[in-house]
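So you know, we letter chains A, B, ... as the sequences are listed, proteins then strands, and number each from 1. In what follows, every heavy atom counts, from backbone to side chain, and hydrogens, waters and symmetry copies are set aside.
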Amino acid sequence: MLPKVYNPKPTEKKWYEAWVQSDLFSSKPDGDKTERFVMAIPPPNITGSLHMGHALNSTLQDVLTRYHKMRGKNVYWVPGTDHGGIATQNVVEKQLRSEGLTRFHLGREKFLERMWTWRRECGDAILNQQQRMGCAMDLKEGQVRFTMADPCAGAVYAAFEKLWNRGWIYRGKRMINWCVRCGTALSDIEVEHEDRSSKLWHIHYPLENGNPGPVVATTRPETMLGDTAVAVHPEDERHKSLIGRRVKLPLTERSIPVIADTAIDLSFGTGALKVTPAHDPVDHEIGRKHGLPTVRVIGFDGKMTEEAGKNYSGLDRDACRKKVLEDLKTGDFLRDEKPYRQGVSICYRCNQPIEPLESEQWFLKMDELAQPAIDAVKTGKVKFYPGSWEKPYLLWMENLRDWCISRQIWWGHRIPVWYCKKENSKCPPSVSARAAMQSCPHCGHGEMEQDSDVLDTWFSSALWPFSVFGWPDGWPGNDKTLLNYYYPTTVMVTGYEILYLWVARMIMAGLEFMKEVPFKDVYIHGIVRDKHGKKMSKSLGNVIDPLTLMDQYGTDAMRFSLMSQVVPGRDIAFAPEATVGPRNFCNKLYNATRYVLMQLDAPGAKELDQIKTWIQRPERLLKEGNFDLADRWILGRCSETIEQATEALENYRVDEAARLTYEFLWGDYCDWYIEITKYRQAPRSATVLAVLITVLERALKILHPIMPFITEELWHGIYDKLLVDPPKGFLLSSGWPKPFLSVSPEDRKNINFLKGVITDIRVFRFDYNIPPDQNLTVRFKTKTQTADDLLFKHARHFLHPLAKITDARGGVDKPGNPDAGNNYLSPPSSSPDVTYLIPKSEIDLDKTRSRLQKEILSLENQLKSIQARLDNPAFVSRAPEEEVAKARGQIDDVRKKLAHNQDSLQNLLN
RNA sequence: GGGCCGUUAGCUCAGCGGUAGAGCGCCUGCUUUACACGCAGGAUGUCGGGGGUUCGAAUCCCUCACGGCCCACCA
């Protein structure tokens, strides 16, 4: 006998191993024979273990993988990890710091060794977690991609070279976003904005002759040391007279001009802007326009430079602000100090304020890359789910600026540009994508030096959907089979937070290099937040570890929990307790199966043979089975559920598929069908058992993509019990079920009638305080022959136990049939076709009275509402006929029930 | 300053033109031989406010409010 409670852990381990053993997850190109379904995983950064976001992302992809595999497609879900650039380097640098070291102590080469060691450990941990989650990915040697290893790395250099040859990559001195802490440039999109409370300081800049001058407003007083002008609007009456004059820059010996520029906002602050071309993008532009000199007072290390003057040089930028303010106060230059919400730019990797600095960087021109990627979305070659992301995407793409692709870190793809080392060389830099450059292609000089920067990590990410297949030359070897067969991929499953950072760039790169979109669909999911909707973070201490969750409730429960909550584009407020329900569902499934298997002990050899035949040939079951109402109903409902779940999955509505199946299995199959079979006339007939098994088997199939482990376990349990080999060995290869039978309207009506009667009785047992162990005699009065047949022929056996009545008598209520009189009470009925009579002696009269009154009140309200509708001539004349008919039917029904209950109440009061 | 998303039962969310739903929580009964990770029953909502379209609106349109997010060089 199996234990009463499902234990997920051993099951999960057993089946994952079996799947791997059978090489279930591999894919091979097979020409045009089968439809393809291809996905490249958004490669997790190797910065540590996976979080709930990865669990969501991976499970979604796994659901799609398994579903399409079951549909018989050639499915390839490409696994891999991302080197993660700055983020990963930060992790290892942090480790070094705890040892009292920096990367500079080790040097580039040693440091990179350290990085590769980390990548091995971390990469393994990630793969382990993905296996634990049940991911149907082929993780065999050589199948797992990594952005910094071939073939992906080769693709990066090749792409660089091609873009270089296109003339779209250039090097230039520009104002860029510099992260002082990470020590590197960042692209615009890697900068986040945050409102922080700060102050707006008003500083007086006296004229050279000592007379009062303009008062400027600034949020960054420390940069005044680098001011090279004061700018005012040419039309500004307050400052007009100052234009062209010079002011003395406080705290320095310098004098700077007052210039006029229409870019100045008259309404902001004092209307006078201090211009610091070295440290502000706007000022930089003004400086360029007016030919102003640039005084750099903040260095790449975030400390004040010598040009800041000896009082300030060497100070940290924050410390310098304090000192400048003190000194301004002392010199009586500070005129005002107002609280101010300042939009601060911060680094997306370390949250430190960004310093706009001018520096030499590599850029990629975007204008020509963008247009095809815009068209692809506009023409529907790439579709977003949900579609509401299309507009933001287009808006973003239409305002693209050149992409700063160089980073001053060590972990990444080193820029494949070489410089001639000949003294005073005038040779232009050269690109070598494949190998170190030995000699200068221009002058033949034998000593070359490679650019020390590395590429933005997103540069390699942009190529992912084809670099994984060995673009450009093919992989392995120079074989382009994979590339030609698997590209373009079918769908990209990813979060909206990297839509611009990543998805947009993949579309551009795909169109540029492959001349085809990288994926047809983009499933955009949200972020997994904590139960209050807050982002999970270590500092808030609200992080949920998927591993803990899986330990606690089982992998299938976690997966179901996530999948039943995921709506495209929407964040999930995730409470770990939400996994209790799914855990219980697993147990329910397990026990339902346990029950069905127990029933299989009963039949004899002949029936078992029959059942086996039917299980292996379901079409024969449909033809030969001796079905009754309940069988037809559950088979039809099963069919319906297959149809609806399939449609939901086709539309990326995994949540709907999860809910539908849950409701069907628990609400229909367990609560009604199994219960009915327990008490029906031939509970263990071959037909009943075959229906029980068939329906369960189909349900396990549609549930398998979401809950792979338990479904596999139970599915095998069924076949083992029958001593039959499961088709194709595993659920994953067993095929996706098709709808096979629909419920006839009559059957649906009849089963609902019976369910209604059973529920009616259960309800009035409660409402009238009839003790559970009390024998209850119910007299039925049926109004139609069908109702009579259903109750007394068809449902005879199961009606009593399910409704907990011990005796029932009845018959069609013919005119003249003597009423049972005052000794009986008639409780509410859900159907006009039947009324009930129970002896007053068996009920609690007070409770019954109040219950009836409540019921009457509710019916009266319903009556009013429907009556109002029918009284409205516009409704009757303009609404569709069927709606009017429906309302008429309803009002009849309600009227009858009301009259009935009023009678009952009257009867009770007598 | 633009744009997007949300506002439905105590909580987390489905529903998106025909008389309000789920899970969890809550209340009342039940050791009914698959399951107490269970069974049966129950309570709870002016579907954010206001306009409009419609015979009919939680559902479509407009508007406001409040959340959240994204983009943007107002010092």
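Here NZ of A:Lys804 is found 7.5 Å from CZ of A:Arg765. Values are rounded to the nearest 0.5 Å. For the atom pair OH (A:Tyr662) and CZ (A:Phe560), the distance works out to 7.0 Å, reported to the nearest 0.5 Å. Between the CG atom in A:Leu692 and the CG atom in A:Leu597 there is a gap of 10.5 Å [rounded to 0.5 Å]. In this structure, CD1 on A:Ile710 lies 8.5 Å from CG on A:Leu703, to the nearest 0.5 angstrom. One finds the SG atom of A:Cys586 at 5.0 Å from the CG atom of A:Asp556 (value rounded to the nearest 0.5 Å). A:His279 contributes atom NE2, which lies 10.5 Å from atom NE2 of A:His284 (distance to the nearest 0.5 angstrom).
Of the side-chain N and O atoms in A:Arg878, one or more sit less than 4.0 angstrom from OP1 or OP2 of B:rC55. The side chain of A:Tyr6 places no N or O atom within less than 4.0 Å of a non-bridging phosphate oxygen (OP1 or OP2) of B:rA34. Phosphate contact (OP1/OP2 of B:rG15, side-chain N/O of A:Arg653, threshold under 4.0 Å): present. In this structure, A:Lys391 does not reach the B:rG3 phosphate: none of its side-chain N or O atoms is under 4.0 Å from OP1 or OP2. Look at A:Trp666 and you'll find a side-chain N or O under 4.0 angstrom from OP1 or OP2 of B:rC39. Contact annotation: A:Arg659 does not reach the phosphate of B:rG21 (side-chain N/O to OP1 or OP2, under 4.0 Å).
Heavy atoms of A:Pro880 sit under 4.0 angstrom from at least one base atom. The residue A:Glu675 sits close to a base: some heavy atom pair falls under 4.0 Å. Within the nucleic acid shown, A:Gly271 comes within 4.0 Å of at least one base atom, counting heavy atoms only. In this structure, A:Asp655 reaches neither bases nor backbone, as no heavy-atom distance under 4.0 Å exists between it and the strands shown. Within the 4.0 angstrom heavy-atom criterion, only backbone atoms of the sugar-phosphate kind lie near A:Asn872; the bases stay farther away. If you check every strand for non-hydrogen atoms under 4.0 Å, A:Lys274 touches nothing. Using a 4.0 Å heavy-atom distance criterion, A:Thr276 is classed as making no nucleic acid contact. Base engagement by A:Ile264 is indicated by at least one non-hydrogen atom pair under 4.0 Å involving a base atom. Contact annotation for A:Gln599: no contact, since no heavy-atom pair falls under 4.0 Å across all strands. Residue A:Leu273 is in base contact, counting any heavy-atom pair closer than 4.0 Å across all strands shown. Note on A:Tyr393: nothing from the nucleic acid sits closer than 4.0 angstrom, heavy atoms only.
Considering only side-chain atoms of A:Asp280, the nucleotide from B:rA75, B:rC69, B:rC35 that sits closest is B:rA75. Among B:rG41, B:rC55, B:rU19, the nucleotide with an atom closest to any side-chain atom of A:Ile866 is B:rU19. Relative to the side chain of A:Phe875, the nucleotides B:rA34, B:rU19, B:rG18 differ in distance, and B:rG18 lies closest. Relative to the side chain of A:Ala874, the nucleotides B:rC55, B:rC35, B:rC73 differ in distance, and B:rC55 lies closest.
The stretch residues 196-204 of chain A has no heavy atom under 4.0 Å from RNA chain B, so no residue of it qualifies as close. The stretch residues 560-591 of chain A touches RNA chain B through A:Val567, A:Arg570, A:Ala573, A:Arg583, A:Asn584, A:Asn587, A:Lys588, A:Asn591, each having a heavy atom within less than 4.0 Å of the strand.
The pair A:Arg888-A:Asp892 fails the salt-bridge criterion, with no side-chain N (NZ, NE, NH1 or NH2) lying under 4.0 Å from an Asp/Glu carboxylate O. For the pair A:Glu647 and A:Arg653, the salt-bridge criterion is not met [side-chain N within less than 4.0 Å of a carboxylate O].
The gap from the C1' atom of B:rC60 to that of B:rC70 amounts to 27 Å, rounded to the nearest Å. Taking atom P in both B:rG21 and B:rC16, one finds a spacing of 14 Å when rounded to whole Å. Taking atom C1' in both B:rG48 and B:rC66, one finds a spacing of 8 Å when rounded to whole Å. For the C1' atom pair drawn from B:rG45 and B:rG15, the interatomic distance equals 15 Å after rounding to whole Å. Separation of the P atoms belonging to B:rG25 and B:rU12 is 15 Å when rounded to the nearest angstrom. B:rG3 and B:rA72 have their P atoms separated by 15 Å, with the value rounded to a whole Å. Across B:rU31 and B:rC37, the matching C1' atoms stand 16 Å from one another, rounded to whole Å. The P atoms of B:rU7 and B:rG17 are separated by 16 Å, rounded to the nearest whole Å.
Of the residues near RNA chain B, A:Gln342 and A:Val5, the one whose nearest nucleotide (by heavy atom distance) lies more toward the 5' end is A:Val5. Heavy-atom distances to RNA chain B give each of A:Ala592 and A:Thr270 a nearest nucleotide, and the one nearer the 5′ end belongs to A:Ala592.
Consecutive Watson-Crick or G-U pairing (both distances under 3.5 Å) extending over three or more pairs maps onto RNA chain B as B:1-7 with B:65-71, B:10-13 with B:21-24, B:26-30 with B:38-42, B:48-52 with B:60-64.
Remark: A:Arg505 is positioned above the aromatic ring of A:Trp403, its terminal NZ or CZ atom under 6.0 angstrom from the ring centre and at most 45 degrees off the axis. A cation-pi arrangement is found for A:Arg869 relative to A:Phe875, the charged atom lying closer than 6.0 Å to the ring centre and inside a 45° cone about the ring normal. Within the cation-pi definition used here (under 6.0 Å to the ring centroid, within 45° of the axis), A:Lys678 qualifies as a partner of A:Tyr595.
Partner of A:Tyr523 under the ring pair (Phe, Tyr, Trp, His ring centres under 6.0 Å) criterion, chosen from A:Trp389, A:Tyr496, A:Phe384, A:Tyr652: A:Tyr652. Under the side chain to side chain donor-acceptor pair (under 3.5 Å) rule, A:Arg851 has a single partner from A:Asp767, A:Asp844, A:Asp846, A:Asn769, which is A:Asp767.
Contact of A:Lys678 with B:rA34 (side chain to base): a donor-acceptor pair of N or O atoms is detected under 3.5 Å.
The number of heavy-atom neighbours closer than 6.0 Å to NZ of A:Lys534, taken from other residues, nucleotides and ligands shown, is 12 or below.
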